[in-house]
Enquirer: 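First, the structure itself, so that you have it in front of you.
Worth saying up front: this structure is predicted, and the values here are computed from it rather than measured.
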Amino acid sequence: MKKDQMTPKERMAAFSKGNEIDRIPCIPHMGVTMAPFINIPLKEYYHSAERMAELELALFKRLRHDGVSVSATLRGVAEAMGSKMYYPENNISLMEAPAINKIDEIENLKPSNPEKDGKLPLVLRAAKIIKDSIGHEVNVGAGLAGPFSTAASVVGTENLLKWMLKYPDKIHILMEIVTESNNRFIEKAAELGVGVGLSDPVSSTSLISAKQFKEFSAPYIKKNVDKMKSLTGSSISIHICGKSKDIWESVMDTGVSSFSIDNVEDLQDAKEIMGHRITISGNVPPVDVMQKGTREDVLKAAKECIRKTYGIKKGYVLSSGCQIPMNTPMENIDALMDAARLYGSYPIDEELLFSED
């Protein structure tokens with residue numbers, strides 16, 4: 001296996017400018033589900049900035065992946081706005097109750113304060129610890145739910161989908177408040193010098209139509225993107241689970257810098273439709289391959305992703321199609337990194353990449 005010639009930070013800086021790099025970037029989609037790696041229960045991770053940072057530092061020491069981030073989780077901003085969360089001892093958090101249950105309560109909502117509300121201060125503190133420790137070697141980021149997914153956790157997904165049809169004007173008020181909450185977090189992240197990525201599963205066309213996305217989600221993603229650009233000159237990445245092909249053009253129009261796509265979509269299609277405008281990442285299956293597969297399965301799936309995106313204009317980042325589940329063997333995540341070095345080292349060995357396994 002070839003050794004890396006660049007630090008992750010050097011690699012991503014060159015990658016963003018379209019300059020020569022030693023290998024394609026690789027950023028496994030990790031986070032709280034990896035808490036067992038440092039032998040702590042997930043509940044402890046959620047409640048400690050130090051534990052959040054400790055996990056990311058330990059993972060970076062092992063993997064040397066090309067981007068490290070800590071996430072406010074899909075419900076972090078909603079919790080900061082008043083939604084109630086339940087934290088099992090050793091499982092991902094669950095929403096116990098939305099912040100509001102009645103449409104007329106929307107106008108009483110206030111944007112969250114990321115320095116005081118919910119777990120947001122912990123996430124910002126963890127990001128600072130990580131950046132102070134390894135920021136010279138790797139880009140550090142913070143994750144947020146997209147505005148539409150946050151809105152779903154503020155009022156409940158069922159209410160959101162119903163109220164979009166019955167009370168569209170009220171939902172736009174909700175979206176403005178939620179978007180301002182995200183923007184306030186983005187301001188603090190920018191002050192720390194960390195990037196921001198959005199995860200927006202409720203914006204998937206598995207749940208809403210392309211028309212609804214264009215009206216209720218895309219304009220507010222753009223406001224988050226515009227805020228980050230105004231503060232740092234850099235944009236925001238986004239991940240949308242499930243089906244998303246019908247909204248790819250609308251997503252690109254928001255100004256995001258990269259799009260992480262689920263493994264239910266095809267990278268060849270993504271390359272043809274989006275690859276000339278934004279960076280693509282994904283989409284090694286997180287469950288069937290990363291969690292349940294063998295090392296050979298991971299190498300084979302990663303090779304196929306690199307092959308499908310070969311020659312992409314705006315670049316490709318090897319990653320899992322969604323967050324890597326609990327109980328995924330670390331050896332399989334090692335294999336994902338190894339695949340980037342084996343099949344993605346420059347100059348690309350076309351004979352190896354296009355050979356039949």
Side-chain angles (χ1 to χ4, degrees), residues 71-86 92-112 114 117-120 143-186 196-225 227 236 238-248 250-251 253-254 256 259-260 262 264 322-323:
S71 176
T73 77
L74 290 175
R75 301 173 188 87
V77 171
E79 181 184 32
M81 292 178 65
S83 293
K84 303 297 183 207
M85 301 298 299
Y86 169 62
I92 61 171
S93 60
L94 304 167
M95 190 171 78
E96 211 166 54
I100 63 170
N101 291 290
K102 297 177 182 177
I103 189 70
D104 292 335
E105 295 173 333
I106 284 177
E107 291 178 12
N108 297 328
L109 285 169
K110 297 287 187 288
S112 57
D117 295 335
K119 306 292 185 297
L120 300 183
L144 284 176
F148 195 69
S149 292
T150 295
S153 293
V154 170
V155 304
T157 302
E158 188 176 336
N159 280 339
L160 179 63
L161 299 179
K162 183 170 59 179
W163 292 349
M164 269 196 307
L165 301 175
K166 294 182 70 176
Y167 311 106
D169 291 346
K170 296 278 190 181
I171 294 304
H172 282 296
I173 293 171
L174 170 66
M175 294 307 303
E176 291 286 356
I177 298 168
V178 164
T179 302
E180 176 59 23
S181 288
N182 272 12
N183 277 348
R184 291 182 181 187
F185 184 93
I186 288 168
V196 172
L198 300 177
S199 291
D200 207 359
V202 188
S203 282
S204 165
T205 51
S206 300
L207 285 172
I208 62 174
S209 69
K211 181 180 178 183
Q212 289 172 321
F213 175 82
K214 201 166 186 178
E215 179 179 355
F216 292 102
S217 182
Y220 303 100
I221 294 171
K222 186 177 187 302
K223 288 189 177 191
N224 285 167
V225 169
K227 171 60 74 172
I236 283 174
I238 193 167
H239 170 76
I240 296 180
C241 302
K243 302 294 288 184
S244 60
K245 185 176 179 180
D246 289 346
I247 59 173
W248 286 352
S250 296
V251 171
D253 289 344
T254 66
V256 294
F259 193 168
S260 162
D262 196 304
V264 300
C322 199
Q323 186 166 8

Enquirer: Is it true that E180 and R184 have a side-chain N and a carboxylate O under 4.0 angstrom from each other?
Expert: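 Yes, this pair counts.
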Enquirer: Can you measure from CG (D246) to CD1 (I208) and round to the nearest 0.5 angstrom?
Expert: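 Reported to 0.5 Å precision, the distance equals 11.5 Å.
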Enquirer: Quick one, T157 and L160 - any side-chain contact, counting heavy atoms below 4.5 Å?
Expert: no
Enquirer: Does some side-chain heavy atom of S83 sit less than 4.5 Å from a side-chain heavy atom of R75?
Expert: no
Enquirer: Report the C-alpha distance between K84 and E79 in whole Å, list the side-chain angles of each, state the deciding distance to 0.1 Å, and finish with yes or no for salt bridge (Lys or Arg N to Asp or Glu O under 4.0 Å).
Expert: CA-CA 6 Å; K84 303 297 183 207; E79 181 184 32; over 6 Å; no
Enquirer: Could you tabulate the donor-acceptor pairs under 3.5 Å formed by side-chain atoms of residues 144-156, not counting sequence neighbours?
Expert:
| from | atom 1 | to | atom 2 | distance (Å) |
| --- | --- | --- | --- | --- |
| S149 | OG | D200 | OD1 | 2.6 |
| S149 | OG | V202 | N | 3.0 |
| T150 | OG1 | G146 | O | 3.2 |

Enquirer: Decide yes or no for P168 and F216: does some side-chain heavy atom of the first lie under 4.5 Å from some side-chain heavy atom of the second?
Expert: yes
Enquirer: Determine whether S203 and S217 satisfy the following criterion, side chain to side chain donor-acceptor pair (under 3.5 Å), listing intermediate values before the conclusion.
Expert: CA-CA 7 Å; S203 282; S217 182; 2.7 Å; yes
Enquirer: Is the shortest side-chain heavy-atom distance between F185 and S112 below 4.5 Å?
Expert: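 Of all side-chain heavy-atom pairs linking S112 with F185, none is under 4.5 Å.
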Enquirer: Taking the side chain as every heavy atom from C-beta outward, state whether S93 and Y86 have any atom pair closer than 4.5 Å.
Expert: no
Enquirer: To the nearest 0.5 Å, how far apart are CD1 in I247 and CD1 in I221?
Expert: 7.5 Å
Enquirer: When rounded to the nearest 0.5 angstrom, what distance separates NZ in K243 from OG in S206?
Expert: 7.5 Å
Enquirer: Side chains of L74 and Q323: does their closest heavy-atom pair fall under 4.5 Å?
Expert: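 Side-chain contact under 4.5 Å: no.
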Enquirer: With rounding to the nearest 0.5 angstrom, report the NZ to CG distance, K214 to D253.
Expert: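 So the NZ of K214 and the CG of D253 are separated by 7.0 Å.
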Enquirer: Check residues 96-107 and write down every donor-acceptor pair under 3.5 Å in which the side-chain atom is one partner and the other belongs to a residue at least two apart or another chain.
Expert:
| from | atom 1 | to | atom 2 | distance (Å) |
| --- | --- | --- | --- | --- |
| E105 | OE1 | N101 | N | 3.0 |
| E105 | OE1 | K102 | N | 3.2 |
| E107 | OE2 | K170 | NZ | 3.1 |

Enquirer: Please list all pairs passing the salt bridge (Lys or Arg N to Asp or Glu O under 4.0 Å) test where one or both residues lie in residues 151-164, with sequence neighbours left out.
Expert: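 The answer is none; no pair qualifies.
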Enquirer: Would you tell me whether H172 and Y220 have side-chain atoms, one donor and one acceptor, within less than 3.5 Å of each other?
Expert: yes
Enquirer: Measure the spacing between CG of L198 and OG of S260 and express it to the nearest 0.5 Å.
Expert: 11.5 Å
